[in-house]
Asks: 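Handing you this structure, nothing more for now.
Keep in mind that this is a model prediction, so the values were computed, not measured. Within every chain, numbering begins at 1; the chains are lettered A, B, ... in the order of the sequence lines, protein sequences first and strands thereafter.
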Amino acid sequence: MSAQKADIIAQLQKDILLLQGLRPACNSGVVDVGLGPVKNAFPGATFPTGAIHEFVSEAAEHAAASAGFISGLLGALMQNGSVCLWISTSGTIFPPALKAFGIEPDRVFFITLQREKDVLWAMEEALKCEGLAAVVGEVRELDFTASRRLQLAVEQSRATGFVLRHQPRRLHATACTSRWRITPLASQLEARMPGMGFPRWQVELLKVRNGRPGTWAMEWFAGKFRQVGEHTMVAPQQPVRKIV
Amino acid sequence: MRQRFISIWFRHLTTDWCIRRQPVLRNAAFVLSAPDHGRLMVTAANAAARQQGIDAGMTVADARALVPHLQVLDDQPGLPVRLLTALGEWCIRFTPLTAIDPPDGLILNVSGCAHLWGGEEPYLTDIVTRLKNTGYEVRAAMADTMGAAWAIARFGKFSPIIAPGEQFAALLPLPPAALRLEPAAIERLHKLGLHQVRGFIGLQRSALRRRFGAGLLQRLDQALGLEREAFLPLQPVEPYQERLPCLEPIVTGTGIEIALQKLLETLCARLRKEEKGLRTAVLEGHRVDGKIEQVEIGTNRPSHNAGHLFKLFELKVPSMEPALGIELFVLHATRTEAAPSRQDAFWNRSGALEDVNIAELLDRLTGKMGPGIVHRYLPAEHYWPERSMKPAADLQEKNTAAWPANRPRPIRMLPRPEPITVTAPIPDYPPMLFRYKGKLHTIKKADGPERIEREWWLEGGEHRDYYCVEDEEGRRYWLFRSGHYDVNKPRNWFIHGFFA
């Protein structure tokens, strides 16, 4: 009897995920973005492609770390030769650096716009387009309505959207699948080796729909993500610090 | 019906064209030259140069010896044919059938056209004066056959108009070269003392064929009208333009969209049939008050997809002001390119650069936000960071060099380097501390220097010594010192980017 109940509950959970727009990628093949243990935080232990991920950063260094982490994910998503769009108002990404994250920089279109409103419009328009691997948008504010629009666009086209929010004024609830915060960590080298080590980040998954948030230390090593140290999976106790 | 032809001879086609383009050359002696067997040969000379004894076929060195201040311009291969084609298309105002006659002539089939100008004489005069007024020195003649018109235009001494059926008499006093013969045949005729057509036109045909080949007989028959000659008329490209006059003036946006849809459907049907795609198009709305409202669109790759083009125009239609109403719409494809129809894959959307969806998406973005917002970069072979990439011209451009991956580069780069204050222990060592935007950073790890020299052939200035540094919180920066270490110049350190 209990086994039957468990079956029913599992089925209901699956249905809820479907209703929330988290369709499992069935025929296109699951893309393994190489996140290792982080993917266990997501429902079904797969990194959701075809969803909107929100990244929050406060300082310029954090924005660079977030950009690096997203580039690592893009590298995996663009494996099949597809292209992606990077939409922003500043245009500070330096394309030759993307090569280190497994991206051919000539397959990234950088779209520089004047206003945040235009970035959101362009992002929605791009996410509706089938055939793009991913769309990255750098905006400061993202309210619930805007995120809902992006989510609806993504459900149609199955592209992956990344919203990079630099110094957001308020962090409302959004319709995004997850909210991340990437901060740089001191790199480590072999004993007594000179120079600088591999890029290392503290990856905080602040919110994830139907999953378990947590914190990990990750390193970009030999073209892959690598977990370093003990992984800690904790729900964040205090909300993200508001910037006044 | 009896045929009538006009042959126009441009005596100095290329030099006249040069003078037309650069009027300062009118009084100067100049020649056009082209390399041949390792030396420069004169291919054409203008009147001032000819007066001094320079002519086509000389070497440029000889010509310079004659006229020291001679100007020498480069000859473009294929120029005469291009010019003749353009002139031939212009001549369609006189007759629908025009043909080029390389290297220096045009032939017009003017059967039944002359009466519109009030007779053959005013007609021919009009053609010649109009061409002369544009700056070309021409001779023209009219006859029943192309061969006779050609001969009279070049060698005729009396009337340029040969009355119908009179070509036999007109040819008699002309030299053999007037029959468009091979140079070898002309030379042989002169050697035999046959300096005029009348000397051999009455000879037996079999004798002529035996001595001078069948070519002579054929040319003779063509000139006399006994044998037909092929005439290949020029076919000008019809502009890709559609018009839609309206019974009632259109004042609403919906009305404009309906008109646009109709125009696009007909234009795209034609483009598809001819395997062409448009790159830029202009929609003009002629208003009742005489003003013209126009909007323009551009695409990233040639397109004949009416739905897509309509979407691009749709973004622009609100900027059209109908005022009292628009009574005529004109859609003009100003730039078209070949767009061979391809079989689209039904499944397996690759999403690569060739994908039509992406090109259409970029068109929509530029259509709404204006040009110059989409950037794609290709590697450039420069070490200087600001020059290590160049914008790609279009979607199709491939990278010719590989992206360098052996040097660390920051993922975010400042638009321009910002000055910082540092404490560096000894020359050529990475700094210990630096202050950026009022915040002090203690450097724990550092890598460098990577010296990047300024490319002196492009710009002057100091070299840069780049250091990758990491502070106590793990934040990574790209710093550089401009030029050599100098105690007297402490403010030559800059921050240039942030590593991931």
Asks: Chain A: which of B:E472, B:H375, B:R412 shares the most heavy-atom pairs with it under 4.5 Å?
Replies: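 When all of B:E472, B:H375, B:R412 are compared, B:R412 has the most.
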Asks: State whether the number of non-hydrogen atoms from other residues, nucleotides or ligands found under 6.0 Å of B:K311 atom NZ is greater than 12.
Replies: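 Open.
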Asks: Could you have a look at A:P96, A:A186, A:S187 and say which one has the most heavy-atom pairs with chain B under 4.5 angstrom?
Replies: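 Heavy-atom pairs under 4.5 Å are most numerous for A:S187.
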Asks: Show your working on side-chain hydrogen bond (donor to acceptor under 3.5 Å, both in side chains) between A:S57 and A:H166 and close with a plain yes or no.
Replies: CA-CA 5 Å; A:S57 68; A:H166 186 51; 3.0 Å; yes
Asks: Heavy-atom pairs under 4.5 Å with chain B: which of A:W201, A:F110, A:W220 has the most?
Replies: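 Ranked by contacts with chain B, first place is A:F110.
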Asks: Non-hydrogen atoms of chain B under 4.5 Å away: do they reach the side chain of A:L85, the backbone, both or neither?
Replies: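 The answer is the side chain of A:L85.
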Asks: Which region of A:L98, side chain (C-beta onward) or backbone (N, CA, C, O), has a non-hydrogen atom less than 4.5 Å from a non-hydrogen atom of chain B, or is it both or neither?
Replies: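 Contact with chain B involves the side chain of A:L98 alone.
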Asks: Quick check on A:L113 against chain B: is it the side chain, the backbone, both or neither that has a heavy atom closer than 4.5 Å?
Replies: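 Just the side chain, heavy atoms under 4.5 Å.
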Asks: Could you tell me which portion of B:P404 (side chain, backbone, both or neither) has an atom closer than 4.5 angstrom to a non-hydrogen atom of chain A?
Replies: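 It is the backbone, since no side chain atom gets that close.
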Asks: Search all heavy atoms of B:A339 against all heavy atoms of B:H304 and return the closest pair with its distance.
Replies: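 Scanning both residues completely, I find the closest heavy atoms to be O-NE2, 4.1 Å.
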Asks: Find the one option among A:P184, A:G68, A:P194 whose heavy-atom pairs under 4.5 Å with chain B are most numerous.
Replies: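 Between A:P184, A:G68, A:P194, the count favours A:P184.
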Asks: Is A:A100 in contact with chain B via its backbone, its side chain, both, or neither, using a 4.5 Å heavy-atom distance?
Replies: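 Interface part for A:A100: neither.
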Asks: Heavy-atom distances under 4.5 Å only: say whether A:S66 touches chain B with side chain, backbone, both or neither.
Replies: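 No part of A:S66 comes within 4.5 Å of chain B.
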Asks: Tabulate below the donor-acceptor pairs under 3.5 Å that side-chain atoms of residues 360-372 of chain B make, not counting sequence neighbours, or state none.
Replies:
{"from": "B:E360", "atom 1": "OE2", "to": "B:N305", "atom 2": "ND2", "distance (Å)": "3.2"}
{"from": "B:D363", "atom 1": "OD1", "to": "B:N300", "atom 2": "N", "distance (Å)": "2.7"}
{"from": "B:D363", "atom 1": "OD1", "to": "B:N300", "atom 2": "ND2", "distance (Å)": "3.1"}
{"from": "B:D363", "atom 1": "OD2", "to": "B:H308", "atom 2": "NE2", "distance (Å)": "2.9"}
{"from": "B:R364", "atom 1": "NE", "to": "A:E125", "atom 2": "OE2", "distance (Å)": "2.7"}
{"from": "B:T366", "atom 1": "OG1", "to": "B:L362", "atom 2": "O", "distance (Å)": "2.7"}
{"from": "B:T366", "atom 1": "OG1", "to": "B:D363", "atom 2": "O", "distance (Å)": "3.1"}

Asks: Would you compute the distance between atom CD of A:E204 and atom OG1 of A:T215 and round it to the nearest 0.5 angstrom?
Replies: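 Going from CD on A:E204 over to OG1 on A:T215, the span is 5.0 Å.
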Asks: Verify side-chain hydrogen bond (donor to acceptor under 3.5 Å, both in side chains) between A:S88 and A:W86, making sure each step is shown before the conclusion.
Replies: CA-CA 7 Å; A:S88 68; A:W86 197 302; 5.2 Å; no
Asks: Once the angle between the rings of B:H484 and B:H463 is folded into 0 to 90°, is it parallel (under 30°), tilted (30 to 60°) or perpendicular (over 60°)?
Replies: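 It falls in the perpendicular class, over 60°.
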Asks: Among the options A:A64, A:S90, A:A97, A:A126, pick out the one with the most heavy-atom pairs lying under 4.5 Å from chain B.
Replies: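 Maximum pair count with chain B is reached by A:A64.
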Asks: Look at the aromatic rings of B:F480 and B:Y466 and report parallel, tilted or perpendicular, splitting at 30° and 60°.
Replies: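 Because their plane-to-plane angle lies in the 30° to 60° range, the rings of B:F480 and B:Y466 count as tilted.
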Asks: A:F69, A:F101, A:W121: which one forms the most heavy-atom pairs within less than 4.5 Å of chain B?
Replies: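 Maximum pair count with chain B is reached by A:W121.
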Asks: With ring-ring contact (aromatic ring centres under 6.0 Å, His included) as the test, would you mind laying out the steps for B:Y377 and B:W403 before giving the verdict?
Replies: CA-CA 11 Å; B:Y377 295 102; B:W403 288 96; 8.3 Å; no
Asks: Output yes when a side-chain donor or acceptor of A:Q167 lies under 3.5 Å from a complementary backbone atom of A:E58, and no otherwise.
Replies: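 Here the side-chain-to-backbone pair exists.
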Asks: Under 4.5 Å heavy-atom distance to chain A, tell me which part of B:Y477 shows up: side chain, backbone, both or neither.
Replies: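 Just the side chain, heavy atoms under 4.5 Å.
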Asks: Which heavy atom in A:F198 sits nearest to a heavy atom in B:R476, and how many Å separate them?
Replies: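 Scanning both residues, the minimum pair turns out to be O-NH1, 4.4 Å.
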Asks: Could you check which of A:P105, A:A63, A:A65 has the highest count of heavy-atom pairs closer than 4.5 Å to chain B?
Replies: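 Most pairs with chain B among the choices: A:P105.
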Asks: Quick check on B:E470 against chain A: is it the side chain, the backbone, both or neither that has a heavy atom closer than 4.5 Å?
Replies: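 When you check distances to chain A, atoms from both the backbone and side chain of B:E470 fall under 4.5 Å.
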Asks: How would you list, in number order, the residues of residues 439-447 of chain B that have a heavy atom less than 4.5 Å from chain A?
Replies: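 At a heavy-atom separation under 4.5 Å, chain A is reached by B:H441, B:K445, B:A446, B:D447.
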Asks: Quick one: does any side-chain atom of A:E141 pair with a main-chain N or O of A:R169 as donor and acceptor, under 3.5 Å?
Replies: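 A pair under 3.5 Å: yes.
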Asks: Let me confirm one number: the CG-CD distance from B:L278 to B:E337, rounded to the nearest 0.5 Å.
Replies: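 That separation rounds to 10.0 Å.
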